[in-house]
Participant: 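Quick one: the structure is below, and I'll ask about it shortly.
When a residue number appears, it is its place in the shown sequence, counting from 1.
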Amino acid sequence: MEAQAESSGATGGRVLEDYLAHLGSYLSEGLHELVALTLEDEGGTERFSSTELAAWLQPGRHVQVAGSSGTGKSHTLAHAALGLAQAGWLPILLRAGVYAGRLEDSLDESVAPFTPQTADSLVRAGRLERLPVVLLVDAINECPVRFQDRLMQQVSSWCLRAEATVVSSSHEFVHVPTVISGARLRTVDPDLRQRAALLRSYGVRPEDERSVEDECEAFSTVFELSLAAQLTQRLPANAGRAALLDAYIGEQLQQASQPTALRQVLHHWAMLMDERLTGWLPLAEAQRSAAQLLTTLGAAVGVVDEALRSPVVRARHQRVEFRHEWYAQLLTAEALVWSCTGGTELAGELRRPHRRKLAVWAVPLHSDPNVVRGLLRGLSDKEVLIEALRLRLGPIADEVTLAEARCCLEAVVEAMAASTITCTSDLRYASEPSRCWSGYEQAMFAAIGETARDGRLLEPLAQLMRETDQAFRRGTRWDPTGSRAAGLIAASVNGSIVSTGGTRLPAAVVTHAARLAWPGEGHARHQSAGAADLQGWVASLGADDVGLAMLLCILLRGTDDAETAALTPALFSRAWATGANHLRFAGLDLLTSIRATADEATEAQIIELLNGVHTDDVFVSTMLVDALHGYGQLTSPYAVDTIAEEIALLLASPEQPDAHARAKRIVESQFEEVIAAPFIEAIDALEPAARRALLILAVQEGDASLFTDVILKELLRAKDPAALPALQYWASHLDNDPFMHDAISSHLLGIEGCAAHLPTPPPILDGHQRADAHAWRCYGQILFWIHRPGLSTDDQNVRCTPLWEQLSTSLLDAAVDPLQQFQYAAVFAQDLRTSALGRIIDTFPAQVRTVLHHGLSVPDRLTSLFPHPQANDRTATLIRLLARIGDRSSLPLLVAYRDHAVLGGTAADTIRHINNRTAMEM
């Protein structure tokens, strides 16, 4: 027996050695060295190097790594697997895309190339050798959505049996069972030092680093930098992403026997995928169709095999797909460029909703400025214009777009100089003569505002703002320095008032876009305007400059340059002197935003200014208080002892008429930054039972606020029966108040909380009697049974089936809208699957799918408990939800929206998602 055991142990040891050797060889082949990048915990409080992941890991310390495409997640996991194997672990690397419903089969498939043993046999051998087991699950986002929960449940069960540790990666963090929950780390774009290390790792010499970094300035992800480093000195000047991938693919295909024919095969495959809205082709069809194309071209059929071996394509599981979505997008755009006879035809193809993402790839492929100009005008796409003005679509597109922007601004300045704007009320104005700006011009105004920080268009923008001011003054006939006139101008430029036709002035479009463009966004290749240039414009401001002062406040906001920050006191003084509240608010926002940048002298000037101003406007006053607090000039006027005393009195006599209002004020004061500190300290000092009693008192009646659902979530976690009356109140309560989405969230949380304490659903929306309210009641009861502890799946189905029968028949027209409202409530959920909407659609996907299909079929028949201001809002939500639970039966309904002007892009994305997902499930 002992000899048999020794023999078995020796055999197991050899099996492990062989497996680890083969796995290591496979992972090492073509694997680039691991450059130290940054991983950051979910809260942003802790950072460490990706090279330390293997050493940091311990048995039982599970971890998720999340990051967008191209940020190096898979590369990090491959190196972690190698490092763990060398450190005495038994790693199993699972590509989540191969999971088809049974984990054991997927694990066996994962280890099959390296051992004849099953995964379970390997684990048993590892236990005998006392090797800790680690399962690395890569790219969970590639697993069919409907299988992801099942995958993680099975991973959890398997890891319990195998005593394994889990390391996973995905685009976003995923909900996992508690057993394998752990650290949640997010990839961070490389900083300057890491970028240099990446470039060196690809052979860039130290003396060439500066010039190569200049070439790579537009690139932010690890994937882009890795390609750029391999093309040192061979990229065109100011190359963007399209030029980068085009150059890389060109060099790779140059090794082929017939590069052009090979490229056409890739075009052909990309176009087939594009038309079908899928990310793959069956291998046999790809080979057959490519062979037919090559025969037509008179090229060798052997090019098909070269295409399948090319670095941009991957053939696996009898499917052909591109290794990165960007390859597919570039090649599709290039195929369209090759096949279209001119810019007009190409623009028409790119305007098709499912191809709108391709425009940024197509524009850089043209070198003729006239073609680029025609293409830009034909597209009239704001995002394309923004990317062009950021110099991310190449120098020709940048030059053409800048010239077009100047022409648009010249036209609008001329129009404003001949216009008179009259305010018909505090909320409306009329412009004479009226001018309707084209879609292209409107897109250009927004692009100009988004990129205005580079200062290249500041002169014509200043003219636009000043002519707009004068157009208002011609209409008001008031003193140019009057605060009333200035206030109306500032409100219009700010976008708070609009024309009688519902449109906004070009100046308002520009400032709105500039306000949304926070510094550093978009990786623009043009530097922000310097202090020397901006100083001249600040100094030029006169008493009647309202629009230009507003624009400058926005452009200087958040600057990281101390010299530029030093201009803000003078700018603020001019803004405040106008008396225009919108402009004063913008000035205060500017000062608050540069707090960390301002040097000591600038800070002293700002503090003096803030202490010397006052206002009667409530919104400006609130901003002033925030600014004073930010510069350390205010402390909370409340004392911890006084707050604690009031809490004690409240808890001793909770029946007082104003007890709820006082408790709510105390609890919500924790979230008011200026006064929060003593309230947080007083509440944190309470015993758990007293804290819960205070929270219950704060939410037991009244309307929802911004923080009601936050308080209810804490009570749900506590599972205190004393909270039941408050939970029942919110389960029965749902009004269309100013915080409607918070009210919906609170209503759903009330129902969920009641499920922990009641055997049957509480009264839901007793004050409403229409069919819409009855639909809400049905969903509320379904949510209750989903959360009711101790119910089996069969028990849930028994209780919910009658409710779904009502929702899918007599209440079908009313059953659609609640799903959209649930979506609003789920926006701030950490994971959609833990929200009320997520729980409902994951538990009953077929039933929800029926409701969604009805919503797409007859959108005009749908009813709602709430007003619906946006016509396409609800339909867009339904389409996006089908990306999660739609199936082949959803496709005909979605195809009807494929060419819709507003919804076409969303429909195309959903069709593509369903095609890819259902293919994985086959």
Participant: Who are the side-chain contact (heavy atoms from CB on, under 4.5 Å) partners of Leu758, not counting sequence neighbours?
Facilitator: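 In terms of side-chain contact (heavy atoms from CB on, under 4.5 Å), with neighbours along the sequence ignored, Leu758 is linked to Leu724, Gln728, Cys754, Pro762, Phe784.
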Participant: Side chain of Trp776, backbone of Ile764: donor and acceptor closer than 3.5 Å?
Facilitator: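 Checking the backbone N and O of Ile764 against the side chain of Trp776, no donor-acceptor pair under 3.5 Å is found.
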Participant: Would Arg47 and Glu40 satisfy salt bridge (charged side-chain N to carboxylate O under 4.0 Å, His left out), going step by step from the backbone distance to the final call?
Facilitator: CA-CA 4 Å; Arg47 290 186 166 199; Glu40 180 180 77; 2.8 Å; yes
Participant: Within a strict 4.5 Å, meaning less than it, do heavy atoms of the Asn611 and Tyr631 side chains meet?
Facilitator: no
Participant: Find the distance between OG (Ser50) and NZ (Lys73) and round it off to the nearest 0.5 Å.
Facilitator: 13.0 Å
Participant: Can you check whether Val493 reaches Val546 side chain to side chain, under 4.5 Å on heavy atoms?
Facilitator: no
Participant: Regarding Arg662 and Gln656, is there a side-chain donor-to-acceptor distance under 3.5 Å anywhere?
Facilitator: yes
Participant: Using a strict threshold of under 4.0 Å (side-chain N to carboxylate O), is an ion pair present between Glu714 and Arg691?
Facilitator: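 Between Glu714 and Arg691 there is a salt bridge, with a charged N closer than 4.0 Å to a carboxylate O.
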Participant: List the steps, then state whether side-chain hydrogen bond (donor to acceptor under 3.5 Å, both in side chains) holds for Asp795 with Ser792.
Facilitator: CA-CA 5 Å; Asp795 290 335; Ser792 66; 3.1 Å; yes
Participant: Between Phe173 and Arg186, which heavy-atom pair has the shortest distance, and what is it?
Facilitator: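 Here Phe173 and Arg186 meet closest at CE1-NH2, 3.2 Å.
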Participant: To the nearest 0.5 Å, tell me how far Arg717 CZ sits from Arg692 CZ.
Facilitator: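 If I round to the nearest 0.5 Å, the distance is 12.5 Å.
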Participant: Could you check whether atom CD of Glu563 has more than 12 heavy atoms from other residues, nucleotides or ligands sitting under 6.0 Å from it?
Facilitator: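 12 or below, so no.
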Participant: Ignoring hydrogens, what is the shortest heavy-atom contact between Leu803 and Cys778? Give both atom names and the distance.
Facilitator: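 Nearest heavy atoms, Leu803 then Cys778: CD1-O, 4.0 Å.
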Participant: So does Glu603 pair up with Arg595, basic N to acidic O under 4.0 Å?
Facilitator: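 Between Arg595 and Glu603 there is a salt bridge, with a charged N closer than 4.0 Å to a carboxylate O.
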Participant: With sequence neighbours excluded, what pairs up with Ser745 under the side-chain contact (heavy atoms from CB on, under 4.5 Å) test?
Facilitator: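 Applying side-chain contact (heavy atoms from CB on, under 4.5 Å) to Ser745 gives Asp709, Leu749, Ala825.
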Participant: So that I can tick it off, tell me whether Glu172 and Arg184 are bridged by a salt bridge, with the cut-off set at under 4.0 angstrom between side-chain N and carboxylate O.
Facilitator: no
Participant: More than 12 heavy atoms of other residues, nucleotides or ligands under 6.0 Å from CD of Glu681: is that the case?
Facilitator: no
Participant: Could you tell me whether the side chain of Val155 reaches within less than 4.5 Å of the side chain of Val166, counting heavy atoms only?
Facilitator: yes
Participant: Heavy atoms only: give me the nearest Arg515-Met550 pair and the separation to one decimal.
Facilitator: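 Answer, listing the atom of Arg515 first, then Met550: NH2-SD, 4.3 Å.
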Participant: Using modelled atom types only, decide if a donor and an acceptor are shared between the side chain of Glu608 and the backbone of Gln605 within a distance under 3.5 Å.
Facilitator: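 Checking the backbone N and O of Gln605 against the side chain of Glu608, no donor-acceptor pair under 3.5 Å is found.
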Participant: In terms of side-chain heavy atoms, does Tyr824 have a donor or acceptor partner in Asp873 at a distance below 3.5 Å?
Facilitator: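 Note: Tyr824 and Asp873 side chains meet the donor-acceptor criterion.
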Participant: Is there a donor-acceptor pair closer than 3.5 Å between any side-chain N or O of His747 and the backbone N or O of Leu734?
Facilitator: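 No, the answer is negative, given that no donor and acceptor are paired below the 3.5 Å cut-off.
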Participant: Below 30° counts as parallel, above 60° as perpendicular, anything between as tilted: where do the rings of His733 and Tyr729 land?
Facilitator: parallel
Participant: Less than 4.5 Å apart, any side-chain heavy atom of Leu715 and any of Asp720?
Facilitator: no
Participant: Heavy atoms only: give me the nearest Arg770-Arg777 pair and the separation to one decimal.
Facilitator: O-NH2, 4.4 Å
Participant: Looking only at atom types and distance, does a side-chain atom of His660 sit under 3.5 Å from a main-chain N or O of Ala698, one as donor and one as acceptor?
Facilitator: yes
Participant: Can you tell if the side chain of Arg799 reaches within under 4.5 Å of the side chain of Arg788, non-hydrogen atoms only?
Facilitator: no
Participant: In this structure, which one of Leu571, Ile606, Thr559 forms a side chain to side chain contact (heavy atoms under 4.5 Å, CB included) with Leu590?
Facilitator: Leu571
Participant: If only side-chain N and O atoms count, and only distance matters, is there a donor-acceptor pair under 3.5 Å linking Thr843 with Gln796?
Facilitator: no
Participant: What I'd like to find out is whether the side chain of Glu646 reaches to under 4.5 Å of the side chain of Leu649, using heavy atoms alone.
Facilitator: no
Participant: Taking everything shown except Asp616 itself, do over 12 heavy atoms lie less than 6.0 Å from its CG?
Facilitator: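 Counting other residues, nucleotides and ligands, CG of Asp616 stays at 12 neighbours or fewer.
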Participant: How long is the straight-line distance from OH of Tyr779 back to NE2 of His774, given to the nearest 0.5 Å?
Facilitator: 12.5 Å
Participant: Atom CG in Leu588, atom CG in Leu609: separation rounded to 0.5 Å?
Facilitator: 10.5 Å
Participant: Any non-hydrogen side-chain atom of Ile647 less than 4.5 Å from a side-chain atom of Ile683?
Facilitator: yes
Participant: Using only heavy-atom distances, determine whether the side chains of Thr602 and Asp599 contain a donor-acceptor pair under 3.5 Å.
Facilitator: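 Short answer, yes.
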Participant: Is the backbone N or O of Ser68 less than 3.5 Å from a side-chain atom of His171, with the two atoms forming a donor-acceptor pair by type?
Facilitator: no
Participant: Under a 3.5 Å distance rule, please check whether Ser157 uses its side chain to pair with a backbone N or O of Gln153 as donor and acceptor.
Facilitator: yes
Participant: Nearest 0.5 Å, please: how far is CZ in Arg584 from CG in Leu624?
Facilitator: 10.0 Å
Participant: Do Ser181 side-chain atoms and Thr178 backbone N/O form a donor-acceptor pair below 3.5 Å?
Facilitator: yes
Participant: Quick one: which residue pairs count as a ring pair (Phe, Tyr, Trp, His ring centres under 6.0 Å) with a foot in residues 669-720, not counting sequence neighbours?
Facilitator: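 The answer is Tyr638-Phe679, Phe671-Phe707.
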Participant: Apply side chain to side chain contact (heavy atoms under 4.5 Å, CB included) to Glu752 and Ile786, showing your working.
Facilitator: CA-CA 9 Å; Glu752 179 184 341; Ile786 288 173; over 6 Å; no
Participant: With distance as the sole criterion, is a donor-acceptor pair present between the side chains of Thr708 and Ser705 under 3.5 Å?
Facilitator: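 A donor-acceptor contact under 3.5 Å links the two side chains.
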Participant: Do you know which two heavy atoms are closest between Ile675 and Pro637, and how far apart they sit?
Facilitator: CG2-CD, 3.8 Å
Participant: Return yes when atom CD of Glu645 has more than 12 non-hydrogen atoms of other residues, nucleotides or ligands closer than 6.0 Å, and no otherwise.
Facilitator: no
Participant: How many angstroms lie between atom CD1 of Ile782 and atom NE2 of His787, to the nearest 0.5 angstrom?
Facilitator: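 Between Ile782 CD1 and His787 NE2, I get 12.0 Å after rounding to 0.5 Å.
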Participant: Kindly indicate whether the side chain of Asp817, heavy atoms from C-beta on, has any atom under 4.5 Å from the side chain of Asp772.
Facilitator: no
Participant: Could you pull out the closest heavy-atom pair between Cys159 and Ile180, with the gap in Å?
Facilitator: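 Here Cys159 and Ile180 meet closest at CB-CG2, 4.3 Å.
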